[in-house]
> 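Here's a structure for you.
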Amino acid sequence: NAGVTQTPKFQVLKTGQSMTLQCAQDMNHNSMYWYRQDPGMGLRLIYYSASEGTTDKGEVPNGYNVSRLNKREFSLRLESAAPSQTSVYFCASLLGGTDTQYFGPGTRLTVL
Amino acid sequence: AQSVTQLGSHVSVSEGALVLLRCNYSSSVPPYLFWYVQYPNQGLQLLLKYTTGATLVKGINGFEAEFKKSETSFHLTKPSAHMSDAAEYFCAVRRGSGTYKYIFGTGTRLKVLA
């Protein structure tokens, strides 16, 4: 049982480049999340998916798109990366009714 | 609207001393409250949660928190700090009863001194 996995672990992009962050969970959870973590800001929700086929904006969705490919996978896409998107990105999943989120190990992204 | 405020971005305690990390919340509905821990270069892990019932909640690694409605607080405590407790701690609140979205505090980094 791997839990929540994220790829890649590290990434450096140039301004304007695009990339997709991958997330997968093997716990049969319904809900999945993408957060970004910045110093002094805590975690902020980018996008949320309550179930396969549904997505919802969080607090900071601008500049990002998501895709809930199936129950296991939830990807985050940066179409045109900006230095303000330099951050650590965490994916999480949750089994409905439990209020317990399980987090992946994170992706550290630097945009030059 | 729901929110949480963590007082103190950095807290230092001596090994064996009491750990007290402060969290105050604002909520228009009965709150669902959480403490998460993040060890260096790792994701977050749930320490404990308050949803309903007993106001004193016990979690993993000897931590506990007490929900105090009159003070709108949910402070995290541990009687005796251990070196392995050094980490960042986040308080969180669920946005509302009809959603599984959460708001996180800005975090408190705990340093344990030998």
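Chain naming here is simple, since letters A, B, ... match the order of the sequence lines and numbering starts at 1 in each.
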> Closest heavy-atom contact between Phe104(B) and Gln101(A)?
CZ-NE2, 3.8 Å
> Heavy-atom distance under 4.5 Å to chain B: side chain of Leu43(A), backbone, both or neither?
both
> One pair to check against side chain to side chain contact (heavy atoms under 4.5 Å, CB included): Gln37(A) and Glu88(B). What are the steps and the verdict?
CA-CA 12 Å; Gln37(A) 182 179 26; Glu88(B) 191 157 19; 4.3 Å; yes
> Locate the shortest heavy-atom distance separating Lys57(A) from Lys101(B); write the atom from each residue and the value.
O-NZ, 3.3 Å
> Name the region of Tyr100(B), side chain, backbone, both or neither, that has any atom closer than 4.5 Å to a heavy atom of chain A.
both
> Is Gln6(A) close to chain B through its backbone or its side chain, or both, or neither, when contacts mean heavy atoms under 4.5 Å?
neither
> Top residue by heavy-atom pair count (under 4.5 Å) with chain A, among Asn41(B), Ile103(B), Leu44(B)?
Leu44(B)
> Can you tell me how far the CD atom of Gln38(B) sits from the CZ atom of Phe90(A), to the nearest 0.5 Å?
4.5 Å
> Please determine whether residues Val37(B) and Leu21(B) belong to a single hydrophobic cluster, defined as Ile, Leu, Val, Met, Phe, Trp and Tyr linked transitively by side-chain heavy-atom distances below 4.5 Å.
yes
> Given that the side chain runs from C-beta out, which part of Arg109(B) has a heavy atom under 4.5 Å from chain A: side chain, backbone, both or neither?
neither
> At a 4.5 Å cut-off on heavy atoms, which part of Arg44(A) comes close to chain B: side chain, backbone, both, or neither?
neither
> Hydrophobic clusters here meaning ILVMFWY residues chained together by side-chain heavy-atom distances under 4.5 Å, can you tell me if Phe67(B) and Tyr89(B) are in one?
yes
> Going by the angle between their ring planes, with limits at 30° and 60°, are Tyr36(B) and Phe103(A) parallel, tilted or perpendicular?
perpendicular
> If Ile, Leu, Val, Met, Phe, Trp and Tyr residues are connected whenever their side-chain heavy atoms lie under 4.5 Å apart, and connections chain through other members, are Tyr32(B) and Leu46(B) in the same group?
yes
> Quick check on side-chain hydrogen bond (donor to acceptor under 3.5 Å, both in side chains): which of Thr98(A), Asp99(A), Thr100(A) does Lys49(B) satisfy it with?
Thr100(A)
> If you group Ile, Leu, Val, Met, Phe, Trp and Tyr by side-chain heavy-atom gaps below 4.5 Å, do Val4(B) and Phe34(B) land in one group?
no
> Taking side chain as everything from C-beta outward and backbone as N, CA, C, O, which of these in Tyr35(A) sits under 4.5 Å from a heavy atom of chain B? Side chain, backbone, both or neither.
side chain
> Same cluster or not: are Met32(A) and Leu78(A) linked, directly or through other Ile, Leu, Val, Met, Phe, Trp or Tyr residues, by side-chain heavy atoms under 4.5 angstrom apart?
yes
